[in-house]
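Side chains included, hydrogens not; waters and symmetry mates left out as well; all remaining heavy atoms used.
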2 protein chains.
Amino acid sequence: MLARGRGVTVWRQIAETIEAEIAGGGLTPGTRLPTEAALTERFGVNRHTVRQAIKSLVDKGLVRVTQGSGTYVEAKPLSYPIGRRTRFSEIVVGQARDPAGKLLGFREMGASVEIAEALDLSPEDPVVMVESAHFADGVPISWAVTAFPLPRFAEVPQVYGATGSITAALAACGVPDYRRATTRIGASVADAVDAKRLEIAEGRPVLVIDSVNVDPEGVPIQWARSHFCADRVRLTVGG
Amino acid sequence: MLARGRGVTVWRQIAETIEAEIAGGGLTPGTRLPTEAALTERFGVNRHTVRQAIKSLVDKGLVRVTQGSGTYVEAKPLSYPIGRRTRFSEIVVGQARDPAGKLLGFREMGASVEIAEALDLSPEDPVVMVESAHFADGVPISWAVTAFPLPRFAEVPQVYGATGSITAALAACGVPDYRRATTRIGASVADAVDAKRLEIAEGRPVLVIDSVNVDPEGVPIQWARSHFCADRVRLTVGG
DNA sequence: CCCTATTTGTGCGTATGTATC
DNA sequence: AGATACATACGCACAAATAGG
């Protein structure tokens, strides 16, 4: 089964074999891989070699390992369209998964320079900052810190806390509809906060998205910095 | 200058001080920060504290550390619009920087399942795979592996190698214009290949973009997987 | 709550082939 | 050609986390 000494390393062949089994549906998302000991025996190699193969699959985001428990197949990433009408819950529902939003906390404060610029305010103008986390089928997809101008959106934290929906919270403040004005996408590696909120290891990749939403009149109503678990999401543009 | 024992750690205050100096223009991109010893003296703290502050700036992509040389301020990230007409060189020139493309290598092979699907081919249909790297002002921005159907685009590697321009290479094959059909954005952490080609450390964040371009008739002509150094680029959508 | 078996994480040491200077 | 560094692959031992009784 393994071709030794032919230019392709053993650990890479093992990784490709397992990857093919995942792609082929032999290993479905959430199932546990055979233990390292079992794979060691199956392929007739050293445990380190198996571990290197698994590490490469972790780096590709295909599996996740938990010490003491095992190695598990990751779910297919959520396809997340970025457009003028971007709504988390609609996107999740559209892929037959169950969305949820959770209020982590909020506080009122003066706008930073960056936020003031995005929302067309002056620095130190009052805003309410909301921190929230977002889930699909109970799995963390992203967390975000969001700024809303005051006093217009003073009710947002309360309504968001009750409904878990930004759309509902904005509607309660007299904004029946809104659209995405700007989106900036970067990436970073998970720090301790990301790791805890997204339930991933520190060092895993995170997509950082700064966005501004505006009301139907084009007035900026919301600035957000979202942190997406890159292993669980693919952003799509157009197409 | 430093407020000790007030809930904000010392290293965080140092990091914010340096960050403000960068944002305020006191430290311009490319300049070297004072040595760790100098910062230690300036802030009256232990060298470990300074190092922790610098590490946090590295994690935010604001500075880059080279052992034996020093700590340098990173350039402001390139703003990279994703749209129907996405051209690397036009984007770079539009920001008063100097673009360059370099052919890393190419080979002809049968299309993988993924590429065949994207280009509307059958698996194993012949394609030419081109690896290239892209620079702004001599700094690596991205590298990519690109697939073109054969025999229509057999000349692409030769023309691209001579001109460093995909647009020119496609024009030589009778495609005067093209547009972006689909874009999928993910993120990963730099592996050894990324680190070498982008001149970054392993573990730094990388934006991975799968894209398909089509000719004016809507026929897919190019599939690409680009790896962008996330510290040096911000993708923008709309706005 | 403790204990234990299972499973992954980490470190040491060895040997070999390959790329690089 | 020689020296050096590096990645690969193997063997063994123990630490740490998990899960179940």
For the residue pair W143(B) and D194(B), confirm or rule out a side-chain donor-acceptor distance under 3.5 Å.
-> yes
OH of Y72(A) versus C1' of dA19(D): gap in Å, rounded?
-> 9 Å
Side chain to side chain donor-acceptor pair (under 3.5 Å) partners of residues 60-82 of chain A, not counting sequence neighbours, each pair once = E19(A)-K60(A), S69(A)-Y72(A)
So does T49(A) get a side-chain nitrogen or oxygen closer than 4.0 Å to the phosphate oxygens (OP1/OP2) of dT8(D)?
-> no
Counting heavy atoms not belonging to E36(B), are there more than 12 under 6.0 Å from its CD?
-> yes
Please confirm whether the backbone N or O of G138(B) pairs with a side-chain atom of R97(B), one donor and one acceptor, at under 3.5 Å?
-> no
Compare side-chain N and O positions of Q52(A) against OP1 and OP2 of dA9(D) and report whether any pair is under 4.0 Å apart.
-> no
Could you run through nucleotides 5-21 of chain C and give me one letter per nucleotide, 5' to 3': B if any protein heavy atom sits under 4.0 Å from the base, S if only the sugar-phosphate is that close, - if neither?
-> -BBBBBB----------
Is there a donor-acceptor contact under 3.5 Å linking the side chains of S142(B) and H134(B)?
-> yes
